[in-house]
Each structure stands twice: as C-alpha cells, then as structure tokens.
Amino acid sequence: MKFRLLQLKIVYFLLGCVLAVTLSALVINILIITGVGVFMTTSRIIPTLSLISSILLLLLCIAMFINEYYVVKDNKLITQCGIFYTSLPIENILVIVEEKPLNKLHLQYRPVRQKNDEDFGYSVINIKPELNGDFVKILLSKNENIKYKAVNINIDDNTIVDDDNLR
C-alpha cells in the first residue's frame, strides 16, 4: 500500500514557481531556435542545450508533483519523491511515536551505515492523519521488535499529557 507524502504548501508553491519559469524558458528557447522576431540568433547550440535542460527540469517538476509516497516493500520503508528515493530496512526501525493531537509519526532508527551504538536517525512521516494507524500496523507486522507509543501533547505548554510505557 502506498501512502501519499504530504508536503507543506510552500513546497508546492515553490515547485509551481519552478514549473512556471521552466515553461517560460521552454517557450523562449523554442522562439530562439525557430528565429521568430527579436529572438533570432546565429548560434543554435546554446538554445538547444537550454531547451533540453528545460524539458528535463519540467519532467522533474511534474514527477515531484505526482510521485511522492511512502511504501513498505521487501522489508524496506521506501520514501519516493519524484525520481529520487531512499530506503530504510525495517529491522533498523527502533521506535515509532505518534504525537497527538498533531497527528505526526516520528521514527527513530539505526542508520544503515551506523558508526557506533550511539548513532540514531530520526524521521517525521508526513501522511494523512487518518492513515497513521494503517501505516503503523504495516510496520509493526513486518518487525515486532519496533516499540510504538502514542502520546498526547498539550499544545499550549508543549508538555506530554500521558506518559504510558512503550508497546
């Protein structure tokens, strides 16, 4: 099951800006290559290279909009963002803390290239809050040694309201 990665609105705004600039560069490069109006030039190499890079950047931006998710596959937690991805072996995940009422999932894990016993990685999982339970169940079914805890945080003074033991 894929879990859509939620980004901040500013990330989508910035991707939209890059997309707009890329489309503008694409149009200008096409005008330069075809030699329309004031965009005439004798050299076609630079606009052609610029056109190719604009197309690649356009495809990257579209991929970033469409292809953002978490998935558990082959005992790995994979984070896909456009054409880029990271994978974390599930056996390296140590603790999952669900922070309520903010509905954030926090993972603490051993890095793949751990240098010593004190090295830990930390990630915040950004998915729809109603899918947090399903996400946690999938991870716990793959590795029963993961400790899970749901904590209630008082937003006003940033204190933990209940402090039960980890699962």
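Fair warning: this is a prediction, and the values are worked out from it, not measured in the lab.
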Got a second to check how far Met64's CE is from Gln80's CD, nearest 0.5 Å? 10.0 Å
Value rounded to 0.5 Å, distance of CZ in Arg110 from CG in Leu88: 9.5 Å
Run through Glu99, Lys149, Glu98 and flag the one making a side-chain hydrogen bond (donor to acceptor under 3.5 Å, both in side chains) with His106. Glu99
Tell me the closest heavy-atom pair linking Lys73 and Ile78, and the distance in Å. CB-CD1, 4.1 Å
Membership question, hydrophobic clusters at under 4.5 Å side-chain separation (ILVMFWY): are Leu139 and Leu5 in the same one? yes
Working to the nearest 0.5 Å, report the span between CZ of Phe84 and OG1 of Thr79. 14.0 Å
Side chain proximity check, Ile127 to Asn132, heavy atoms < 4.5 angstrom: yes
Could you tell me which non-hydrogen atom of Tyr70 sits nearest to which non-hydrogen atom of Asn126, and how far apart they are? OH-N, 3.4 Å
Value for CG (Leu131) from NZ (Lys2), rounded to nearest 0.5 Å, stands at 14.5 Å
CD1 on Ile96 to CG on Asn143, rounded to 0.5 Å: 9.0 Å
Would Leu51 and Ile32 count as a side chain to side chain contact (heavy atoms under 4.5 Å, CB included) if you check the C-alpha gap in whole Å, the side-chain angles of each, and the deciding distance to 0.1 Å? CA-CA 10 Å; Leu51 178 68; Ile32 290 172; over 6 Å; no
Rounded to the nearest 0.5 Å, the CG atom of Leu56 sits from the SG atom of Cys61 at a distance of 11.0 Å
Tell me whether Ile66 shares a hydrophobic cluster with Tyr12, the cluster being built from Ile, Leu, Val, Met, Phe, Trp, Tyr side chains joined at under 4.5 Å. yes
Answer yes if Tyr85 and Leu15 sit in the same cluster of Ile, Leu, Val, Met, Phe, Trp and Tyr residues linked by side chain heavy atoms under 4.5 Å apart, and no otherwise. no
Quick check: do Leu107 and Tyr122 have side-chain heavy atoms less than 4.5 Å from each other? no
Linking I/L/V/M/F/W/Y whenever any side-chain heavy atoms sit under 4.5 Å apart, do Leu23 and Leu59 land together? yes
Please report the closest heavy-atom contact between Thr22 and Ser54, naming both atoms and the distance. CG2-O, 3.0 Å
Apply side chain to side chain contact (heavy atoms under 4.5 Å, CB included) to Val97 and Leu105, showing your working. CA-CA 6 Å; Val97 176; Leu105 288 175; over 6 Å; no
Shortest non-hydrogen contact from Val71 toward Met1: CG2-O, 3.6 Å
Minimum heavy-atom distance between Lys100 and Ala150, given as atom pair plus value: CE-CB, 4.3 Å
Would one find more than 12 heavy atoms of other residues, nucleotides or ligands at under 6.0 Å from atom CZ of Phe13? no
Begin from the C-alpha positions of Phe3 and Phe135 and carry the test ring pair (Phe, Tyr, Trp, His ring centres under 6.0 Å) through to its verdict. CA-CA 8 Å; Phe3 296 90; Phe135 187 80; 5.1 Å; yes
Check the hydrophobic clustering (I, L, V, M, F, W, Y; side-chain heavy atoms under 4.5 Å; chains of links allowed) and say if Val151 and Val95 are grouped together. yes
Using modelled atom types only, decide if a donor and an acceptor are shared between the side chain of Asn67 and the backbone of Ala63 within a distance under 3.5 Å. no
Within a strict 4.5 Å, meaning less than it, do heavy atoms of the Leu26 and Ile55 side chains meet? yes
For Ser50 and Ser53, work out which heavy atoms get closest and say how close. O-OG, 2.9 Å
Could you check Leu31 against Val27 for side chain to side chain contact (heavy atoms under 4.5 Å, CB included), going step by step and ending with a plain yes or no? CA-CA 6 Å; Leu31 292 174; Val27 169; 4.2 Å; yes
Phe65 atom CZ, over 12 foreign heavy atoms within 6.0 Å: yes
